[in-house]
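Reading through the structure tokens given below for one structure.
We use all heavy atoms of the structure for the numbers below, so side chains are in, but hydrogens, waters and symmetry mates are not.
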Amino acid sequence: GAVPSYNDPLFQAETAARVWRLADLHQLSTGRGVGVAIIDSGIEINHPDLAGQVAVNRNFVSGRANTAEPHGTGVAGVIAAKSDNGVGIVGIAPQARLMALRACWQEPGSTAAICDALSLAKALYFAIERKAPIINLSLAGPTDHLLSELLQIGLVHGTAIVAAYDPSLSDG
């Protein structure tokens, strides 16, 4: 039969589109009805590839207005960019519902996001309290006891936690 594809202009350039055969995978699952909490910098919730995908948009960074930032927006797109809308890419789970939980921020012109443990803890607690089935943390940093405890609570309650791994920060 025909190979499934999408009209999104960058779909063919996506590594996941080829390696994971993403269009085929979406015949089985698109993430419909699945909530994903993205704890990151701000997400552009009105981006054409994300409009309507974000169910909750909260800012946990004290003293900084909630704003859209490149890192959080990019992570949200990789996870849930809409398919067949003629825009950008296709997310891994294009029908997932997102919780945009801003616990990090970006300085103008910087590609790196900065996070603090208290903002991360507040966002993690919020996601766990609302029983987010998946929590995404595309960040790494030093060990923090409170964050470790919150992550453990999430795991005990059946939350899938997806996080970046930095081997230079590993203690074994």
Side-chain angles (χ1 to χ4, degrees), residues 14 16 30-82 88-172:
E14 284 182 70
T30 59
R32 181 188 300 274
V34 177
V36 180
I38 300 175
I39 299 175
D40 210 295
S41 62
I43 295 172
E44 184 182 341
I45 63 170
N46 294 321
H47 185 287
D49 241 358
L50 295 172
Q53 304 295 78
V54 178
V56 174
N57 184 25
R58 291 284 180 95
N59 181 22
F60 294 96
V61 179
S62 296
R64 291 179 180 262
N66 199 2
T67 187
E69 293 159 306
H71 193 273
T73 302
V75 168
V78 167
I79 294 170
K82 293 188 276 192
I89 65 171
V90 176
I92 303 303
Q95 293 184 338
R97 299 290 288 151
L98 303 179
M99 298 172 84
L101 307 181
R102 182 176 184 248
C104 308
W105 62 94
Q106 289 181 256
E107 298 297 340
S110 173
T111 57
I114 303 164
C115 313
D116 66 66
L118 182 57
S119 298
L120 289 168
K122 290 189 291 187
L124 262 172
Y125 181 80
F126 181 91
I128 292 165
E129 186 179 57
R130 280 157 185 79
K131 298 179 176 32
I134 301 169
I135 297 174
N136 184 86
L137 296 150
S138 291
L139 52 95
T143 302
D144 181 274
H145 182 71
L146 176 58
L147 296 178
S148 296
E149 290 295 320
L150 286 168
L151 290 169
Q152 191 59 41
I153 290 167
L155 291 170
V156 165
H157 286 90
T159 301
I161 298 171
V162 181
Y165 173 72
D166 184 344
S168 71
L169 297 173
S170 175
D171 58 4

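- Between S119 atom OG and N59 atom CG the span is 8.0 Å, to the nearest 0.5 Å.
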Please table the atom pairs, donor to acceptor, closer than 3.5 Å between any side-chain atom in residues 145-156 and protein atoms at least two apart or in another chain.
unit_1, atom_1, unit_2, atom_2, d
S148, OG, D144, O, 3.0

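- In this view, Q106 and S41 satisfy the side chain to side chain donor-acceptor pair (under 3.5 Å) rule, not counting sequence neighbours.
- Counting only residues at least two apart or in different chains, ring-ring contact (aromatic ring centres under 6.0 Å, His included) contacts with residues 108-135 comprise F60-F126.
- Residues passing the side chain to side chain contact (heavy atoms under 4.5 Å, CB included) test with A127 are A37, L101, A132, I135, sequence neighbours excluded.
- With sequence neighbours excluded, the residues forming a salt bridge (charged side-chain N to carboxylate O under 4.0 Å, His left out) with E69 are R102, listed by chain and number.
- Side-chain N or O atoms of E14 include none that pairs as donor or acceptor with a backbone N or O of I89 at under 3.5 Å.
- A salt bridge (charged side-chain N to carboxylate O under 4.0 Å, His left out) check over residues 32-54, counting only residues at least two apart or in different chains, returns nothing.
- A search for side chain to side chain donor-acceptor pair (under 3.5 Å) contacts involving R130 returns nothing, not counting sequence neighbours.
- In this structure, NZ on K122 lies 14.0 Å from CD on E129, to the nearest 0.5 angstrom.
- Counting all heavy atoms, side chain and backbone alike, V36 lies closest to A96 at CG2-CB, 4.2 Å.
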- May I have the step-by-step check of side-chain contact (heavy atoms from CB on, under 4.5 Å) for Q53 and K82, ending in yes or no? CA-CA 8 Å; Q53 304 295 78; K82 293 188 276 192; 3.5 Å; yes

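- Here CD1 of I43 is found 6.5 Å from CG of L98. Values are rounded to the nearest 0.5 Å.
- For E107, the salt bridge (charged side-chain N to carboxylate O under 4.0 Å, His left out) test picks out R64, with sequence neighbours left out.
- The line from CD1 of I39 to CE of M99 is 8.5 Å long, rounded to the nearest 0.5 Å.
- Scored by the side chain to side chain donor-acceptor pair (under 3.5 Å) test, T159 finds no partners at all (sequence neighbours excluded).
- Applying the side chain to side chain contact (heavy atoms under 4.5 Å, CB included) test to A140 and every residue at least two apart in sequence or in another chain returns D166, L169.
- Residues passing the side chain to side chain donor-acceptor pair (under 3.5 Å) test with S138, sequence neighbours excluded: N136.
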- Query: Step by step, would you call L120 with L139 a side-chain contact (heavy atoms from CB on, under 4.5 Å)?
  - Reply: CA-CA 10 Å; L120 289 168; L139 52 95; 3.9 Å; yes

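- For residues 89-124, there are no ring-ring contact (aromatic ring centres under 6.0 Å, His included) pairs, not counting sequence neighbours.
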